[in-house]
There are 2 protein chains.
Amino acid sequence: MKELIAKYREKGFKLTPQRLAILKFLNGNTSHPTAEDIYSNIKKIYPTVSFATVYNTLQTLKDKNEILEITIDPQKKHYDPNIKPHHHIICIECNTIGDIFEDYSEALRLPDYIAMEFKPVGSHVDFYGLCIKCQKKERRKRQ
Amino acid sequence: MKELIAKYREKGFKLTPQRLAILKFLNGNTSHPTAEDIYSNIKKIYPTVSFATVYNTLQTLKDKNEILEITIDPQKKHYDPNIKPHHHIICIECNTIGDIFEDYSEALRLPDYIAMEFKPVGSHVDFYGLCIKCQKKERRKRQ
DNA sequence: TATTAAATTAGAATTATTCTAATTTAGATA
DNA sequence: TATCTAAATTAGAATAATTCTAATTTAATA
């Protein structure tokens, strides 16, 4: 956490307690929280925190390339503090998101006809499926 | 268009003029319209059409597997009448979406550790990049 | 310690989407 | 062809996610 603080101060971040709480919450978090998730967690410690602060901080972190915004859930955005390029799988039942650390970039070549229209800068694979919990629920239902 | 009508009537669709206009608009459309795009287009012909009708029809079409909902633009959903599985590339400047007809499924194997947590049912690749128009704009800016 | 640019806040505004409940209508049936 | 009814349409309200506003506070520097 010490390094975290040093790191953000270095980047010109003004380190407020709210912001620090958000950073702490995100640090190493693999649950892909939404803004709402972050807000309600921080609110426990700083009951006056506002959504604006959460969104502002997320925006700043995005701008500084410290978090990824994940567009895989049709309902809302999720955030991921792991900025190493990776992919995701979302459960079509409960929307749980899992991380996939696998480099598919070699295989993901664009066909020529589209390379003429777009210059790619990156790619991301959305897998969708059923998480283990929802698989079990499905099985129970079917019996 | 004749077949289109027959096809939907077969499926138990009640064919109202508004709905028909939506079907017509979507048929063969590769622009990945949003609900708003569809609404404003239909409104030209049926000025009293409501968003509810557009969303209802989209929902029905989704249920009947006649269109795909695309979650690639963080701002809103896009719709695609091409239900053949394919992938997309979105311009990070103007949000234009292009289709990529390429089967990557062989390459997109899930690593074991995640296959234990999720049973995959599908996948979709989001490419992001710059469309040709925005590439040109960028070049102009840089000069 | 004073200064100030940046951050926080409550709450309003905006945008996308969904819901409601009254009305209309397509298509089946008599 | 007229009647019936379940399904579709509508205006507008409601909801949910996100962004904006403008007044206030504060972290970090000088």
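Each chain gets a letter, A, B and so on, in the order the sequences are listed, and its residues count up from 1. Note that the structure is predicted; figures quoted are calculated from it, not measured.
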Positions of residues 62-78 of chain A (non-hydrogen atom under 4.0 Å from DNA chain D), listed by number: A:Q75, A:K76, A:K77
Smallest separation among heavy atoms of A:L61 and A:L23, with atom names: CD2-CD2, 3.7 Å
DNA chain D-proximal residues of residues 42-51 of chain B, any heavy atom under 4.0 Å: B:T48, B:V49, B:S50
Side-chain N or O of A:Y55 closer than 4.0 Å to phosphate OP1/OP2 of D:dT18: yes
Side-chain donor/acceptor of B:E93 to backbone N/O of B:C134, under 3.5 Å: no
Passing option when B:D99 is tested against B:K84, B:H86, B:H87 for side chain to side chain donor-acceptor pair (under 3.5 Å): B:H86
Touch class at under 4.0 angstrom, heavy-atom based, for B:E36 against every strand present: nothing
Point-to-point distance, once rounded to the nearest 0.5 Å, from CZ of B:R19 to CZ of B:F13: 5.0 Å
Exceeds 12 heavy-atom contacts within 6.0 angstrom, atom NZ of A:K77: yes
Minimum side-chain heavy-atom gap B:I72-B:I89 below 4.5 Å: no
Within-4.5 Å side-chain heavy-atom neighbours: B:R139 and B:R142: yes
Side-chain heavy atoms of B:I67 within contact of B:D80, under 4.5 Å: no
Test item: B:Y104 side-chain N/O and A:R109 main-chain N/O as donor-acceptor pair under 3.5 Å: yes
Boundaries of the DNA chain C segment in contact with chain A, non-hydrogen, under 4.0 Å: C:dA5 to C:dA10
Salt bridge (charged side-chain N to carboxylate O under 4.0 Å, His left out) contacts touching residues 55-64 of chain B (sequence neighbours left out): B:K62-B:E69
Contacts of B:D37 that satisfy side-chain contact (heavy atoms from CB on, under 4.5 Å) - sequence neighbours left out: B:P33, B:T34
B:Y39 vs B:T53 side-chain heavy atoms within contact, under 4.5 Å: no
Between the protein and nucleotides 25-27 of chain D, list every N/O to N/O distance that falls short of 3.5 Å.
unit_1, atom_1, unit_2, atom_2, d
D:dT26, O2, A:K14, NZ, 3.1

Any donor-acceptor pair under 3.5 Å from A:H124 side chain to A:G122 backbone: no
